[in-house]
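All ligand and atom numbering here is 1-based and tracks the order in the structure.
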Amino acid sequence: MVMRTISQIAVQLMDYCPFPFTITHVSLVFDLNQEHTVVTTMMTVERRVYDGAKEAPFQLDGVGLELLELSLNGQKLDPNDYHLDEVGLIIPMVPDAFKLETKVAINPAANTALSGLYISAGRFCTQCEAEGFRHITFWPDRPDVMSRFHVRIEAPQDQFPTLLSNGNCVAIGQYGDGRHWASWDDPYPKPSYLFALVAGSFDTWTDHFTTRSGREVSLCIYVDHGVSPRASYAMDALKRAMAWDEKTFDREYDLDVFNIVAVADFNFGAMENKGLNIFNSALVLADETTATDTDYEAIEAVVAHEYFHNWSGNRVTCRDWFQLSLKEGLTVFRDQEFSADQRSRAVKRIQDSKALRGRQFSEDSGPLAHPVRPSSYVKIENFYTTTIYEKGAEIVRIIQTLIGEQAFKDGLNLYFDDYDGTAATIEDWLHAMRMASDNPLTGIERWYDQAGTPLLTVSSSFDEGTQRLRLFFRQATPDTPGQTTKSWVPIPIKLAFFDHNGAMLRLTLAGTEAAADEWLIPMASDRLVIEFEGASRQPVASYLRGFSAPVRLRADQTSADLALLAACDTDPFVRWESAQTIFRSSLLLVSRALAKGEEPEIPDDLHRVFQGSLGEAGRDPAFAALLLRLPEVPDLMQLQANCNPSNLVAARVYVRSVIAQQLDGPLSACFATYDPAQEFSTGAAAAGRRALMAACLDLLSATGTDRAALRAANLFAAARNMTDTMAALSALSQFGGPRYDAALNAFRNHYQDNALVMDKWFRVQAMALCGDPLTTYATLRSDPLFTLTNPNRVRALGGAFAQGNPAAFHRDDGEGYALMGTLISDVDRLNSALAARLATFFDSCVRVDEARRLAAFRTIEGLLANNSLSANTREILTKIISGLTA
Ligand code: B3K
Ligand code: ZN
């Protein structure tokens, strides 16, 4: 038999074959020891009954395991009876029903990849999705193999008083030699990616929840010693999420306990292990002095997200990793709805569309573009992308829009009922939605299978004689790597019309009696012509209300139309988007003028839009704060080929300074209404007031005046919560100089022992425009508080620099790329999943000018020349380099 190695060979969706065996039960025993943990696994196996299963060998995944013992039905196996290599274990001949026992040794202390069983701050914890379980024991590590897990954990009691796994704790005991044990039983069959184990010493924050049908659930959050009150907000969010899922989607919790453990070293946000969620501590710990409003929002959303996975992901899981969006897209949709109900629906929709357009549209138009259901992958770890998550959630929303809220709820219930306890596919999901709605949802699969953001073009004409408005819609999805010919996708277009005074018009669909204020037009072809009657002159059309589909819109709207919509539309998304459209074109004009050395002209509309936004301050401060923010440079980069990011940064700085000078009076007045001494509340209204204050301060700081710097420094001194502190610090970072340095020092002195807060200190500096960003980066990288082993710290420096400091990252001399290249290569040796994530930031390099592209190419080429570069990072960089040379 050939020795298999970890390879770059892609897995194909079309090659899917079921696993030929079922493993009904598994019993795992962990003898925990930091450098030498012994895992004994006993599985009860039956061959499945279908032709292909008859002669199939028993094949298990296993990486980095030292095999100590292997026996089948109690008989020790001879090395000739099995094949062991770098990726697993194959037993060619097995009976139709048998018990297999394996004993392996692993070294959690040496696990810097943070996948499998590892140590964080002296405690054992696990991360198994997607393929971590194979680093713990030999197992068919794929989501469609679901078993009942029984877990026994043994460890020294003084160091590891808490022993946790999935399900319910069924027994505990002591050995008398200082070691103790606990047994956990999970009654719900699950795939290995949902396995979890934690052992250590924690403080706890406890509560309980009674489900709708009367089940008493003990809730417990495990955190570092001395900080348990900081888990109270996460606990509150958890209880709200549990109640919301019952009320909104009839989903109840199904175990007697729900545990959350916060760990400091974690590769991403959190993990939905059955009954034992493991969280990055950044998404658990919060109080007003250490967390910003953005942190609170993220904690609420992620706690809910992981809890909602209990149904969308755990009770109904995925057949294979190509179906990842089945659980992730659906669960993001569910958490978005939860947050919208807890806070402002309008603000949430704008935030979500902003994030989608900033990150997902960019990914979808670059070298890493891939469908929501990809057809192949090399490393599944690289596919936890914004496309799978956020575009996936948008498809769920499209379905809800097309079939209506009630049919959607019925469809979701049908899906959970019909596929409970199974590993499902996107076809199963669509089947449930079709059954519940009687809507064929024609073409919806293409949203899953085609990469690229559809472009929706609208042109309009008005016939004065017949008083008919004719709208002509066309859609086309651009080519993406490996995918050229694309067909139409179903696009729900929400529409309304306004007269030139901004009053909403009730029009009639030509040739019918149907009249409405707002229309939902389901576009199900390449082209669509539609006519309306009832306006005496050409109305102003408001398209894609509520961001009714994740498409780019190109409409024949004048800047006067956009200004009217920005001021008067009743749909907050269209108001915000119309303002952003004006800002984007103004910023591009200014950047072109600056590039030519000309004096830029700022269109009058811009000033009016800002004034209108400030007018919103009294009604809805959170919305006003969003309206006052100019598009980010990465958004602008999507609009230009061969762009020079430094010019875009300069244009943004210029426009901000002009607007800030023009509106200094009203912005200062709005800022002055904020009292930093007022009592803190986490509620959306109070957070909205803080966001508006921060938006005003941010703009005012663009004036560059000493008065503005003093205002920021005064807020820094007066701040009583972290939101205000960070607003002040980031405003000061626009100036640099002694006030900024003093604030940074004071911050460091105060928070140096709190890693989560110090991440903010790293982040604000990595993104700062002041001073020489390369020197700042180098100083931060050699700071004793910087470490390559903590993913939050690495992201706070590298992620913030590459994403949040475009002028420095995309320097024309390539120095920014070189710094990131070095970081990627250093991280890759320890944690390839994290390095690959950092590598994705290079995908924006396909949009920059030739000199910069060449510099990026050289850095990437250098990284790829290293033979020991991980398969994860290699996959990402190979795709990007092909995009650079295309
Ligand atoms: N399901 C996990 C993500 C796992 C990422 C593995 N690289 C968290 C979540 O999406 O809820
Ligand atoms: Zn998820």
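- The contact set between ligand 1 and His309, taken as ligand atoms under 4.0 Å from a residue heavy atom, comprises 9 (C), 10 (O), 11 (O).
- Side-chain contact between Tyr377 and Leu13: absent, with no pair of heavy atoms (C-beta onward) separated by less than 4.5 Å.
- For atom 10 (O) of ligand 1, the closest non-hydrogen atom of the protein is Tyr389 OH, 2.5 Å.
- Comparing Phe279, Tyr193, Phe268 by heavy-atom distance to atom 4 (C) of ligand 1, the nearest is Phe268.
- With distances taken over non-hydrogen atoms, the option nearest atom 7 (N) of ligand 1 out of Glu381, Met271, Lys379, Arg837 is Glu381.
- Note that CZ of Arg345 is 5.0 Å distant from CG of Asp341, once rounded to the nearest 0.5 Å.
- Close approach of ligand 1 to Lys327 is summarised as follows: ligand atoms under 4.0 Å from at least one heavy atom of the residue are 1 (N).
- Our summary of the site lists the angle at the Zn ion (ligand 2) between NE2 of His305 and NE2 of His309 as 100°, to the nearest 10 degrees.
- Proximity to Glu272 (heavy-atom distance under 4.0 Å) selects the following atoms of ligand 1: 1 (N), 2 (C), 8 (C), 9 (C), 11 (O).
- Near Glu328, meaning under 4.0 Å from any of its heavy atoms, are these atoms of ligand 1: 1 (N), 9 (C), 10 (O), 11 (O).
- Across every non-hydrogen atom of Leu324 and Phe383, the tightest pair is CD2-O, 3.7 Å.
- Counting heavy atoms from C-beta on, the side chains of Trp244 and Gln342 come closer than 4.5 Å.
- In summary, an N, O or S atom of Glu328 is located under 2.8 Å from the Zn ion (ligand 2).
- Proximity of the aromatic rings of Phe258 and Tyr307 is defined here by a centroid distance below 6.0 angstrom, and this criterion is met.
- If you check which protein heavy atom lies closest to atom 8 (C) of ligand 1, you get Ala270 O, 2.9 Å.
- Counting only N and O atoms by type, the side chains of Thr789 and Thr787 include a donor and acceptor under 3.5 Å apart.
- What sits closest to atom 6 (C) of ligand 1 on the protein, heavy atoms only, is Glu129 O, 3.3 Å.
- Salt bridge status for Glu300 with Arg240: present, with a side-chain N to carboxylate O gap under 4.0 Å.
- With respect to Lys274 and Asp254, a salt bridge is recorded, a charged nitrogen being found less than 4.0 Å from a carboxylate O.
- Proximity to Glu306 (heavy-atom distance under 4.0 Å) selects the following atoms of ligand 1: 8 (C), 9 (C), 11 (O).
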